Amino acid sequence: MALITKAVKGTQDMLPEETGRQRYIENSLFEIAQAYGFKEIRTPVFEHTELFQRGVGETTDVVQKEMYTFDDKGGRSITLRPEGTAGAVRAFLEHGMFNDALPKKLCYILNCYRYEKPQAGRWREFQQFGVEMFGSASPAADAEVISLANSVFEYFCIKGLELHLNSIGCPECRKKYHAALKEYFEGRKSELCGTCLERLDKNPMRILDCKSPECKSVAEQSPVIIDYLCDECREHFDKVCKYLDSMGIEYTVDPRIVRGLDYYTRTVFEFVSTSIGAQGTVCGGGRYDGLVSELGGPDTPALGFGMGIGRLKMLIENQESALPDDTPCDIYIAPMDEEASLVTMALASDLRSGFIYAETDVSGRSLKAQMKYAGKIGARYTAVIGSDELKENAVKVKNMQTGESETVSLDNFEEDFMRLVVQQSAAELGEAGDGVSFDNIFGF
Ligand code: ATP
Ligand code: MG
């Protein structure tokens, strides 16, 4: 029984108390992306396993240890997406977006799946906000993508975040670097974990990304890529830095970051916080000029980032920056009896078609119980309708905050109620209330 009453390890429910804030974050992310010209794309939750093997890279932790892979009933090997880039690139190719006006800018919010050890800030199902830009090799594109991520943190007033920046060069400069790294790690082979021993032959740079403390300490004195950059890569990196300087975005050059995914070239970056514990990397990204052609497309420079929304939310909550709470009820209309209930149902339905959050009784409760419920759901206004109100065709609407009541006609209820709300809010705000409208009070 325990199995059916408990969510699978590493997954979590998002309850109504939280979904309002989540939606606010998601909407804000899309609005920020929109200001940079990134348009939303939605791709499937699962793809052919091979896409991730090729697109994320055989030597990465993600592919080696973390994928949810299974055979479907038709015998295809399917994988739940562990990240968003591979699917976006696949869609870019499948729909011939390389023929569109370039750069093509895409963004998404999606659930990702990784079989990892669940802990604070690390789940097996998690949300990522990601952006991808295709078709620009210029360092200005790198700066634009970094600036977008930075805007997100500025928007939510997050402090204490550091932008770590590095260049991992192109395949040419990396050849020399790989040789130097190999030589270094060969000398300290006995200190490496089993996975890193394998990486030593296939892709020694992955060792720098290993989470084991022993490998981390060995990696500390290893040669750094930035000393091995070719002239073009060096110049590209310097220009990215110049753009960031001119936009007033602070960064630290961190020669140790190489990013977990195989397809990165040149610029790589991470936004790191120390305030949410060990899982402090809230956003990681960079350039992946080789990926589109690796997946069979025309040579297309590209770049992007992935931001963990769960970790972003932890940061926002740490700051105690106010996120809007769930929308409170605008008005609770209580019927005194069944006859009145016919009217309150109709009134509520009229209000709702104007997107006013109205509630009335659907449980046959006493007036006292109804008022208790109205209090619990935070109704801003209440109105009680019984035989007197029906006779007079009017009802007193009570402002629950001020206790003030005003009579509103039942015939013209929606309009009169809205006028009342506007009047009362403008009066409360005094001069600041000039220009107040129903929409900006009730948050449309
Ligand atoms: P980490 O080093 O924390 O494992 P990563 O390098 O594997 O991160 P990416 O593949 O770059 O992460 O994914 C981008 C972002 O997605 C991360 O910076 C993080 O915010 C988020 N993320 C990655 N894995 C998880 C997870 N298991 N649970 C929650 N968020 C995650
Ligand atoms: Mg990881």
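Since the structure is predicted, the reported quantities are computational estimates derived from the model, not experimental observations. In listed order, ligands and their atoms are each counted from 1.
Atoms CG and SG, from Asp289 and Cys170 in turn, are 9.5 Å apart once rounded to the nearest 0.5 Å.
Salt-bridge check for Glu191 with Arg188: passed, with a basic side-chain N closer than 4.0 Å to an acidic carboxylate O. Lys189 and Glu186 are joined by a salt bridge, as a carboxylate oxygen and a charged side-chain nitrogen come within less than 4.0 angstrom of each other. Asp142 and Arg287 are joined by a salt bridge, as a carboxylate oxygen and a charged side-chain nitrogen come within less than 4.0 angstrom of each other.
Between Lys211 and ligand 1 there is a heavy-atom distance shorter than 4.0 Å. Every heavy atom of Pro82 sits 4.0 Å or more from the atoms of ligand 1. At least one heavy atom of Arg122 sits less than 4.0 Å from an atom of ligand 1. Residue contacts with ligand 1 do not include Gln279, since none of its heavy atoms lies under 4.0 Å from the ligand.
The nearest pair of heavy atoms linking Leu315 to Ser273 is CD2-OG, 3.3 Å. Residues Thr344 and Thr360 approach most closely at OG1-OG1, 2.9 Å, considering heavy atoms.
Checked against a 3.5 angstrom limit, the closest N/O atoms of Val62 and ligand 1 fall outside it. Annotation: Phe126 places no N or O atom under 3.5 Å from an N or O atom of ligand 1; distance criterion only.
In summary, the side chains of Ser363 and Tyr373 do not present any donor paired with an acceptor at a separation below 3.5 Å, with no hydrogens or angles considered.
The backbone of Cys283, and not its side chain, has at least one atom closer than 4.0 Å to an atom of ligand 1 (non-hydrogen atoms only; backbone = N, CA, C, O). Counting heavy atoms closer than 4.0 Å to ligand 1, residue Thr281 contributes atoms from both its backbone and its side chain. Heavy atoms of Gln128 found under 4.0 angstrom from ligand 1 belong exclusively to the side chain.
Near Gly121, with a cut-off below 4.0 Å to any heavy atom, the atoms of ligand 1 are 28 (N), 29 (C), 30 (N). Of all the atoms in ligand 1, the ones that sit under 4.0 Å from a non-hydrogen atom of Gly306 are 14 (C), 15 (C). Close contacts between ligand 1 and Val282 involve ligand atoms 18 (O), 20 (O) [criterion: under 4.0 Å to a heavy atom].
Note: Phe126 and Tyr113 fail the aromatic proximity criterion, with ring centroids not under 6.0 Å apart.
Looking at heavy atoms from C-beta onward, Met97 lies in side-chain contact with Ile41 at the 4.5 angstrom threshold.
The option from Arg114, Glu83, Glu66 that lies nearest to atom 12 (O) of ligand 1, judged by heavy atoms, is Arg114.
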